[in-house]
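To keep things clear, I will list the structure first and then write my remarks on it.
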Amino acid sequence: QVQLVESGGGLVQAGDSLRLSCAASGRTFSSKAMGWFRQTPGKEREFVATISRGGTSTRYADSVKGRFTISRDNAKNTVYLQMNSLKPDDTAVYYCASGRSVMATSSPAYDYWGQGTQVTVSS
């Protein structure tokens, strides 16, 4: 099984930046597409970004395009989400997820999920 451990969340002010990290266990990380999703209380999980297994292709939600950047380091089994120009409506629990070598924007395409890390943007 794949285990994902997220870190980097916190409380920031509007306009600030955060970098989220997600470390994956196992030896199959490089064969999996990775994604970031976010969720607020009472709302459905929302797609944020995804990256191909080789790291050469990315896709973003319109709401974060131009502000967020997803990347991965397969040697470290880690995926990142660089978040710039944060807005209050970016406040959510952010989850990383791994797929089966498939890039997708929908939750069912991902098999494993992290526990989530809270991002709160004030002002």
Side-chain angles (χ1 to χ4, degrees):
Q1 296 185 12
V2 175
Q3 292 186 331
L4 306 174
V5 180
E6 298 153 307
S7 62
L11 173 63
V12 299
Q13 296 182 358
D16 286 351
S17 298
L18 278 176
R19 188 193 191 194
L20 306 183
S21 299
C22 180
S25 64
R27 297 171 292 177
T28 61
F29 178 80
S30 62
S31 68
K32 300 180 181 296
M34 299 293 295
W36 286 95
F37 291 75
R38 64 188 183 186
Q39 188 169 24
T40 57
K43 302 294 183 180
E44 295 184 356
R45 194 170 300 171
E46 176 188 15
F47 166 76
V48 176
T50 186
I51 187 168
S52 63
R53 58 185 179 181
T56 58
S57 298
T58 58
R59 186 174 181 179
Y60 299 92
D62 289 340
S63 59
V64 306
K65 191 175 300 181
R67 299 187 297 119
F68 290 11
T69 302
I70 187 172
S71 62
R72 68 191 297 163
D73 186 341
N74 287 346
K76 298 183 181 297
N77 281 9
T78 302
V79 63
Y80 305 95
L81 184 67
Q82 178 67 44
M83 304 184 295
N84 298 327
S85 301
L86 283 163
K87 306 174 181 179
D89 58 6
D90 293 320
T91 296
V93 176
Y94 283 72
Y95 300 89
C96 63
S98 64
R100 300 290 297 275
S101 68
V102 176
M103 282 185 63
T105 61
S106 60
S107 298
Y110 296 87
D111 297 324
Y112 299 97
W113 296 82
Q115 77 292 147
T117 184
Q118 177 70 48
V119 173
T120 302
V121 185
S122 64
S123 299

With sequence neighbours excluded, residues passing side-chain hydrogen bond (donor to acceptor under 3.5 Å, both in side chains) with [X]:
{"X": "Asp16", "result": "none"}
{"X": "Ser31", "result": "none"}
{"X": "Tyr110", "result": "Thr50"}
{"X": "Tyr94", "result": "Arg38"}

*Output every pair passing disulfide (SG to SG under 2.5 Å) with a member in residues 23-90, not counting sequence neighbours, ordered by first then second residue.*
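Matches after skipping sequence neighbours: none remain.
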
_Can you pull out every disulfide (SG to SG under 2.5 Å) where at least one residue sits in residues 46-90? Sequence neighbours excluded, please._
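For residues 46-90: none.
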
Could you list the residues that satisfy side-chain contact (heavy atoms from CB on, under 4.5 Å) with [X], not counting sequence neighbours?
{"X": "Ser57", "value": "Ser52, Met103"}
{"X": "Asn74", "value": "Phe29, Ser30, Arg72"}
{"X": "Ser85", "value": "Arg67"}

All N/O donor-acceptor pairs, side-chain side in residues 5-12, below 3.5 Å, sequence neighbours left out:
| from | atom 1 | to | atom 2 | distance (Å) |
| --- | --- | --- | --- | --- |
| Glu6 | OE1 | Gln115 | N | 3.2 |
| Glu6 | OE1 | Gly116 | N | 2.3 |
| Glu6 | OE2 | Cys96 | N | 2.3 |

*Which ring pair (Phe, Tyr, Trp, His ring centres under 6.0 Å) pairs, counting each pair once, include a residue from residues 45-91, with sequence neighbours left out?*
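Applying ring pair (Phe, Tyr, Trp, His ring centres under 6.0 Å) to every pair that reaches into residues 45-91, excluding sequence neighbours, yields Phe37-Phe47.
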
*Considering residues at least two apart in sequence or located in another chain, which fulfil the salt bridge (charged side-chain N to carboxylate O under 4.0 Å, His left out) criterion with Lys65?*
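Result, salt bridge (charged side-chain N to carboxylate O under 4.0 Å, His left out) vs Lys65: Asp62.
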
